[in-house]
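Just so it is clear, the model here is predicted, and its values are computed rather than measured. Lettering follows sequence order; numbering is per chain, from 1.
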Amino acid sequence: MTEATTAARLEARGLVRRFRGDAGIRGIDLDVAAGEIHALVGLNGAGKTTLLRSVLGMLRLDAGRVRLLGHDMELAPPEAWSAVGHLVEQPFAYRELDVATSLAAVARLRGVPRGDVREVVERGIAALGLQGLERRRVGELSLGNRQRLGLAAALQHRPRLVVLDEPSNALDPAGVLLLRAELLALAADGAGVLVSSHHLDEVARVADRITVVNAGRVVGALDPAGADLERAFFARVHADDLERSGT
Amino acid sequence: MTGSRPLHGIGTAIAVEARKAVASRALQGITAFLVVGIVVLAVGAAAGAASGDERLAAKLGPLAGAGGWNGLVGVVAQVESAAALLGFGVALSWLVGREFADGTVAGLFALPIRRSTIAVAKLVVYFAWAATVAVLLTGAVAVAGLALGHGVTDAAASLLRIPPLAVLTALIATPAAWAATAGRGLLPGIAATVALIAVAQVLAVVGVGGAIPFVAPALWAIEPDAATGWGLALVPVTALAFAGLCARAWSRLQLDR
């Protein structure tokens, strides 16, 4: 195994998953290295969520291969899945439970040893600023706090691979800052972070790498340090649309 | 996730499902419906039959006219065979279908515990809850019978029919779990439950289908001698088969809708 392979938190090659109506992804390669925040940006319907679902095993692929944390996805042992944290679409939280109990349930399902659950939950609550809401029922939370809770559930166990779909949705500016700080801390500790966004939000802007997805394919990259990222993004997408329409 | 062993983490999955079930207002409501509702309905119907309402007595079957514990439990059993199937089926539809309705199903992917194991844990918690309902219902009927002035001496023989009927009914509701998975929500599970009730009740009332597992418990409730051993023996086998189908459906699940 090369050093690059061992250091990769996620490697996806030739991912194809088609849906009716020409939607889906068509041959995407993707890497997330240890310590890297990799942002996927694309318009609605570009295939970002399909891509994230594919690398987490939520969709069966028509073609392609995924390796996460050094294991083929189909053969990844429980220890590897314990080191994954994800939030794709709805927060993983149960409305009949209170915040702390819901986080504890998720921690247990993630394989956190029973004796460590309390510490892990306290960490998640502090990281996403949920102090004071520990005994509040999830069903009573605002949309923004529910999103914070979903992020805490995804990140509380300090995963080595993080996959988040549009994580800043419904977050207030303070929540975005907390999320950004947490992702930077996890990456600094060696985690690989894959995060999607339909716009160049505050999270995408802290990425080490920004990949542009359009019509189910990777159509280029943006320099995170570049000026006027938004204009560069739309130019890339527009150029791809023109190319595909043959004009 | 073929990299993890089958049933790896089943204890954890059961503990988490049990914690969710205990906190669930839906299950609390269904428990109250099953225990209090059935007893109130049965006591009312038994009182009606005892007061000489022949049409009601005819509908309640041969046990209703027996009076005493036999009469009360006979009516409870008949009400239970339909109402408990509805309650158990709705509860199971909720336990499974809520993951789709609430969008929490995405969180059940990419875990060290297989989804099929989580499905098995849901069924284990469901059967444990159903057994608890059986005990509570039996206790509630005992209290009602004593309040009606039935004697203590012959209570046990009659009351002991209630728990097995509840358990058999809980077992034949198992297809609701599979339907809720296949249809990705509560409603398909509830629809399957309603279909099961229709089949069981219609065939039991006309007195056929004693060898069909979905009918045997209802038939046994109306007239114990009419149900065949085969029909009753096939109940757990059928439940196991649908539990297997449900676990397989969870294992093959995709978020493609």
Legend entry - Contact summary for P112(B) and P78(A), nearest pair of heavy atoms: CB-O, 3.3 Å
Legend entry - Non-hydrogen atoms of A106(B) and H86(A) that approach each other most closely: O-NE2, 3.0 Å
Legend entry - Flag if over 12 foreign heavy atoms under 6.0 Å of CZ, R114(A): no
Legend entry - Greater than 12 external heavy atoms within 6.0 Å of E119(A)'s CD: no
Inset, instruction - Verify the neighbour count for atom CG of L143(A): are there more than 12 heavy atoms of other residues, nucleotides or ligands below 6.0 Å? - result: no
Inset, instruction - May I ask you to decide whether E96(A) forms a salt bridge with R98(B), counting only side-chain N to carboxylate O separations under 4.0 Å? - result: yes
Legend entry - Atom pair CZ/CG of F92(A) and D102(B) - distance to nearest 0.5 Å: 11.5 Å
Inset, instruction - Report yes if some heavy atom in the side chain of R108(A) is under 4.5 Å from a heavy atom in the side chain of R19(B); otherwise report no. - result: no
Legend entry - Nearest non-hydrogen partners of F109(B) and R110(A), listed with the distance: O-NH2, 4.5 Å
Inset, instruction - Would you check if the side chain of Q254(B) reaches a backbone N or O of R60(A) as a donor-acceptor pair within less than 3.5 Å? - result: yes
Legend entry - Heavy-atom pair count under 4.5 Å with chain B, highest-scoring of L56(A), L59(A), T50(A): L59(A)
Legend entry - Contact check, side chains of L109(A) and L108(B), non-hydrogen atoms, under 4.5 Å: yes
Inset, instruction - May I ask you to test the Y94(A)-E99(B) pair for a side-chain heavy-atom distance under 4.5 Å? - result: yes
Legend entry - Check: R53(A) side chain, L255(B) main-chain N or O, donor-acceptor pair, under 3.5 Å: yes
Inset, instruction - With a 4.5 angstrom heavy-atom cut-off, could you sort out which part of A93(A) is near chain B: side chain, backbone, both or neither? - result: backbone
Inset, instruction - Evaluate whether atom CH2 of W178(B) has more than 12 neighbouring non-hydrogen atoms of other residues, nucleotides or ligands under 6.0 angstrom away. - result: no
Legend entry - Option that, when pairs with chain B are counted at under 4.5 Å, heavy atom only, ranks first among G57(A), P91(A), S82(A): S82(A)
Inset, instruction - Check whether T101(A) gets within reach of chain B through its side chain, its backbone, both or neither, counting any heavy atom under 4.5 Å. - result: side chain
Inset, instruction - Calculate, to the nearest 0.5 Å, the distance between atoms CG and CE belonging to L253(B) and M58(A) respectively. - result: 10.5 Å
Inset, instruction - Report yes if the side chains of T104(B) and R95(A) come closer than 4.5 Å at any heavy-atom pair, otherwise no. - result: no
